[in-house]
Structures are given as C-alpha cells and as structure tokens.
Engineer: 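This is the structure, below, for whatever I ask next.
Treat the numbers as computed from the prediction; the structure is a model and nothing was measured.
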Amino acid sequence: QVQLIESGGGLVQAGGSLRLSCAASGRTLSRSAMGWFRQAPGKEREFVAAFWWSGDNTYYADSVKDRFTISRDNAKNMVYLQMNSLKPEDTAVYYCAAGARTNIIVAANYAYWGQGTQVTVSS
C-alpha cells in the first residue's frame, strides 16, 4: 500500500508563494504518474500538475502554468509543488496523488491519495 502525506499548506496573501510537500512511502509503482489536485468549496476536484516517474516531462493545468512547479527529490522520497504568484482563486485543499497509468490529468485514474492540505490565499 502506498501512503502519501501532504504538508506545507497555510494562509498567504495574494502574490505570495508557498511550497507543498508530499512524503511518499510504500511500494514504488513503475510506469505510473504522480500529481497534485485541488478542490475548492463547491467545486469538483481538479487537476493541477503531474509527471511520469519514468520521464521528466511535466504537465500543468492552464490555470497554474508558469506559476506552479512540480518537482521531486528521489533521495528523500518527496514530491513538491512550488506555488508562486498565488491568487485568491488558488484557495483549495490540495491533494497529492499517485498510481495513474493513463490519462494522468484525470483524478479518477489515481489509486492513492493523501489527506490533503489547506491553502488559503487572501485578497
């Protein structure tokens, strides 16, 4: 069983930055993807960013492209989401996900999820 634990959420002002961390443990999945999703009040869970473990290509939602960066530290078994130029509309619970093998921008394709971390951006 893969376990994912997010941290780093908090309250920031618009224009500020925040870095989310995802600690992964358990079985390593080959030929699969890992990503970040978010869910705001009254909205469906939406794709934020993802990457394939077997490659270096990264994928971003248009709403966060050029502002957010997904990265990983293999030595620490950690995945990060650096969020810059934050906007109030970025306010949401952010989730780390793993195990997608196809259509990696679709939440339903991920088998493992963290508990979520709240990000609130004030105007």
Engineer: Quick one, Cys22 and Tyr80 - any side-chain contact, counting heavy atoms below 4.5 Å?
Structural biologist: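 When only atoms from C-beta onward are counted, Tyr80 and Cys22 do not touch, as no gap falls below 4.5 Å.
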Engineer: What are the two closest non-hydrogen atoms of Val48 and Leu81, and how far apart are they?
Structural biologist: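 That closest heavy-atom pairing would be CG1-CD2, 4.1 Å.
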Engineer: Any donor and acceptor pair, going by atom type alone, linking the side chain of Asp90 with main-chain N or O of Lys87 inside 3.5 Å?
Structural biologist: yes
Engineer: Kindly write out the residues that satisfy salt bridge (Lys or Arg N to Asp or Glu O under 4.0 Å) with Glu89, not counting sequence neighbours, or none if the list is empty.
Structural biologist: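 So Glu89 forms no salt bridge (Lys or Arg N to Asp or Glu O under 4.0 Å) with any residue.
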Engineer: Any idea which heavy atoms bring Leu4 and Ala24 closest together, and the distance?
Structural biologist: CD2-CB, 3.8 Å
Engineer: So do Leu18 and Leu86 actually touch side chain to side chain, heavy atoms under 4.5 Å?
Structural biologist: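 Leu86 reaches Leu18 side chain to side chain.
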Engineer: Are the side chain of Arg101 and the backbone of Ser32 linked by a donor-acceptor contact shorter than 3.5 Å?
Structural biologist: no
Engineer: Ignoring hydrogens and angles, tell me if any N or O in the side chain of Asp73 forms a donor-acceptor pair with the backbone of Lys76 under 3.5 Å.
Structural biologist: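 Yes; judged by distance alone, with no hydrogens or angles, the pair exists.
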Engineer: Tell me, do Gln13 and Ser123 make a side-chain contact under 4.5 Å, heavy atoms counted?
Structural biologist: no
Engineer: Which heavy-atom pair separates Leu20 from Tyr94 by the least distance, and what is that distance?
Structural biologist: CD1-CB, 3.5 Å
Engineer: Does Gln39 have any side chain to side chain contact (heavy atoms under 4.5 Å, CB included) partners at least two apart in sequence or in another chain, and if so, which?
Structural biologist: Arg45, Tyr95
Engineer: Does Ile104 have any side chain to side chain contact (heavy atoms under 4.5 Å, CB included) partners at least two apart in sequence or in another chain, and if so, which?
Structural biologist: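 Once residues adjacent in sequence are excluded, the partners of Ile104 under the side chain to side chain contact (heavy atoms under 4.5 Å, CB included) criterion are Ala33, Ala50, Trp52, Tyr59, Ala100, Tyr110.
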Engineer: Any side-chain heavy-atom pair from Val119 and Arg38 closer than 4.5 angstrom?
Structural biologist: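 Heavy-atom side-chain distance check fails, nothing below 4.5 Å.
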Engineer: Got a sec, which residues hit side chain to side chain contact (heavy atoms under 4.5 Å, CB included) with Ala23, two or more places apart in sequence or on another chain?
Structural biologist: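 Checked Ala23 against side chain to side chain contact (heavy atoms under 4.5 Å, CB included); matches are Met78.
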Engineer: Could you check Thr117 against Ser7 for side chain to side chain contact (heavy atoms under 4.5 Å, CB included), going step by step and ending with a plain yes or no?
Structural biologist: CA-CA 6 Å; Thr117 185; Ser7 62; 5.6 Å; no
Engineer: Is a side-chain N or O of Thr69 found less than 3.5 angstrom from the main chain of Gln82, in a donor-acceptor match?
Structural biologist: no
Engineer: For Ala40 and Ala92, which heavy atoms make the closest approach, and how far apart are they?
Structural biologist: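 Closest heavy-atom pair between Ala40 and Ala92: N-CB, 3.8 Å.
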Engineer: The criterion is salt bridge (Lys or Arg N to Asp or Glu O under 4.0 Å); which residues satisfy it with Arg72, sequence neighbours excluded?
Structural biologist: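 Partners of Arg72 under the salt bridge (Lys or Arg N to Asp or Glu O under 4.0 Å) test: none.
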Engineer: Sequence neighbours excluded, which residues qualify as side-chain hydrogen bond (donor to acceptor under 3.5 Å, both in side chains) partners of Gln3?
Structural biologist: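 Counting only residues at least two positions away or on another chain, Gln3 forms no side-chain hydrogen bond (donor to acceptor under 3.5 Å, both in side chains).
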Engineer: When rounded to the nearest 0.5 angstrom, what distance separates CD in Glu44 from CZ in Phe37?
Structural biologist: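 Going from CD on Glu44 over to CZ on Phe37, the span is 12.5 Å.
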Engineer: Glu6 side chain to Gln115 main-chain N or O, any donor-acceptor pair under 3.5 Å?
Structural biologist: yes
Engineer: With rounding to the nearest 0.5 angstrom, report the OG1 to CZ distance, Thr102 to Arg31.
Structural biologist: 14.0 Å
